[in-house]
There are 2 protein chains.
Amino acid sequence: MHDSSLGLRERKRAQTAEAIHVSAAELALERGLDATTIDAISDRADVSPRTFFNYFQSKEDAMLGIDESAVAAELDREREHDPDVLVAVFDLIYAVFEASGGNRTRADLKRKVMHEHPQLMTRQMVRVAELDDRLSGIIAGWLVDDARFAEGSDEQRRDAAQIILGVCLATVRGAMKKWASAPRGSNTSAETRKNFDDAVSAFRTVMEKIV
Amino acid sequence: MHDSSLGLRERKRAQTAEAIHVSAAELALERGLDATTIDAISDRADVSPRTFFNYFQSKEDAMLGIDESAVAAELDREREHDPDVLVAVFDLIYAVFEASGGNRTRADLKRKVMHEHPQLMTRQMVRVAELDDRLSGIIAGWLVDDARFAEGSDEQRRDAAQIILGVCLATVRGAMKKWASAPRGSNTSAETRKNFDDAVSAFRTVMEKIV
DNA sequence: ACGCAAAGTTGCAGAGAGTGCAACAATGTT
DNA sequence: AACATTGTTGCACTCTCTGCAACTTTGCGT
């Protein structure tokens, strides 16, 4: 548990981020969202409140362990996509969503916090939604190779991408909300993935009926 | 301009709310969003900062003149709905959206502020989205009379309503965003309505292609 | 190994949002 | 006129968040 490929600085930084994240998450579970202050989190993580803000923008971000740079990296990554646009978009959202979470080893803790405090999930969804332009740009790029959209103008594809992204995000949001109100237990990563897949088919079923 | 059917108290309350709203909106236009403080708004509206919070929850709400009780009234209102679910849902969102805006006589000012500061629009969308449960409840009720959903269980209809509401909100959000980045001028109420209608057809077109 | 540059930490001071409370004022009611 | 209701305000307080400047730690070239 000691990746020497990174300098001491990088390692320390990761450690501190982790400490703050864990402290924030634990406090959220112990005292609730509002009762957890930045001071308390910083105390437990053994950093000054001032340092807290060098790592996270808000206590919510800290509780989720949101890692901006990981998200940016995920967006820049070259990716192949499923031929089915809908599936591809859900995959994309899923990838960003996972990357937003930062450290993979704390998945359990994070799931517990999100389950207990659905507001955090909303927050995370909002963050993903803020990547709007980047994401719909990627999708618009896919549409160029899609027979049904290839003929239109760039702007039409952009608009279409916006709509597609929007509806997919809404669907994911709904699925997440349902998951949050579901009983505890069985919160594996596979479960999360299954939730995404279920969301896709639920969405398709409803759309077939109403369009 | 003096509705005596209401007591002096009610009239004064409305006046104060209006004064705060106008002050907030004007300051937002003059100085920008962040540079406008609650103190400054209160000063201009000739109330104490403490009183400000008796009327609005935040400066954003004040800038938009958001009227909680009007929204609540709109939701409780008995409403007939278009046979086409999609159209009906967009109508519903439109109604809530308009009601959220509060005073109708200030429409111009409000549009200007929203156009200049799209964040406010996002905020208003979020507010509408928070009514999630109420709205999807209404929609689920409609689905009972819909041949394509009549056979399912209540829960299935609730889920479907959630998805439908979600995608419609996303579409509206996209349309609003586009409006915000469009050049100034032609910001009539009719234009707003047209934007909604365009959103519906754009949505339908895209969905027909990808589902 | 030394010393300088870069990056990180921290305390401090301060603005701003938001809340509870209690005194006071205006309005409505009988 | 007396009383209840409702609204306003100042005060004290907590909390989030930022800029700045001093200081410490780490990295790196020589």
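Quick caveat: nothing in here was measured; it's all calculated off a predicted structure. Chain letters run A, B, ... following the sequence lines, proteins first and then strands; every chain starts at 1.
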Without decimals, in angstroms, what is the distance between [X] [atom1] and [N] [atom2]?
| X | N | atom1 | atom2 | answer |
| --- | --- | --- | --- | --- |
| A:Q15 | C:dT9 | CD | C1' | 15 Å |
| B:R11 | C:dT27 | CZ | P | 10 Å |
| B:F52 | D:dG10 | CZ | C1' | 18 Å |
| B:F56 | C:dT19 | CZ | P | 15 Å |
| A:D43 | D:dC15 | CG | P | 12 Å |
| B:F53 | D:dG10 | CZ | P | 15 Å |
| A:Y55 | C:dT9 | OH | P | 3 Å |
| A:E10 | D:dG27 | CD | C1' | 11 Å |

Sugar-phosphate means primed atoms, P, OP1 and OP2; the rest is base. With that split, encode nucleotides 19-25 of chain D 5' to 3' as B, S or - using protein heavy atoms under 4.0 Å. BB----B
Are A:F196 and A:Y94 an aromatic pair, judged by ring center distance below 6.0 Å?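 A:Y94 vs A:F196: aromatic centres under 6.0 Å.
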What distance do B:L109 atom CG and B:H21 atom NE2 have between them, rounded to the nearest 0.5 Å?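 If we round to the nearest 0.5 Å, B:L109:CG and B:H21:NE2 are 5.5 Å apart.
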I need the B:D84 CG to A:I210 CD1 distance, nearest 0.5 Å.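 B:D84 atom CG to A:I210 atom CD1 measures 8.5 Å (nearest 0.5 Å).
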Charged tip of A:R127 within 45° of A:F97 ring normal and under 6.0 Å: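 Cation-pi check for A:R127 and A:F97: fails.
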Under 4.0 Å: is that the gap between some side-chain N or O of A:S48 and OP1 or OP2 of C:dT9?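 Negative; the distance criterion is not met.
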Could you tell me whether the phosphate oxygens of C:dA7, OP1 or OP2, come under 4.0 Å of any side-chain nitrogen or oxygen in A:R13?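 Result: no.
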Let me check something: any side-chain donor-acceptor pairs from residues 128-140 of chain B under 3.5 Å, sequence neighbours excluded? List them with distances.
residue : atom : partner : partner atom : Å
B:D132  : OD2  : A:K177  : NZ           : 3.0
B:D133  : OD1  : A:K177  : NZ           : 2.8
B:R134  : NH2  : B:D76   : OD1          : 2.9
B:S136  : OG   : B:D132  : O            : 3.0
B:S136  : OG   : B:D133  : O            : 3.4

Ion pair present between [X] and [Y], side-chain N to carboxylate O less than 4.0 angstrom?
| X | Y | value |
| --- | --- | --- |
| A:D108 | A:K112 | no |
| B:R79 | B:D91 | no |
| A:D198 | A:K194 | yes |

Review item, nucleotides 14-16 of chain C N/O atoms under 3.5 Å of protein N/O:
none

Take the angle between the ring planes of A:W179 and A:H115 and call it parallel below 30°, perpendicular above 60°, tilted in between.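 Judged by the thresholds at 30° and 60°, the geometry between A:W179 and A:H115 is tilted.
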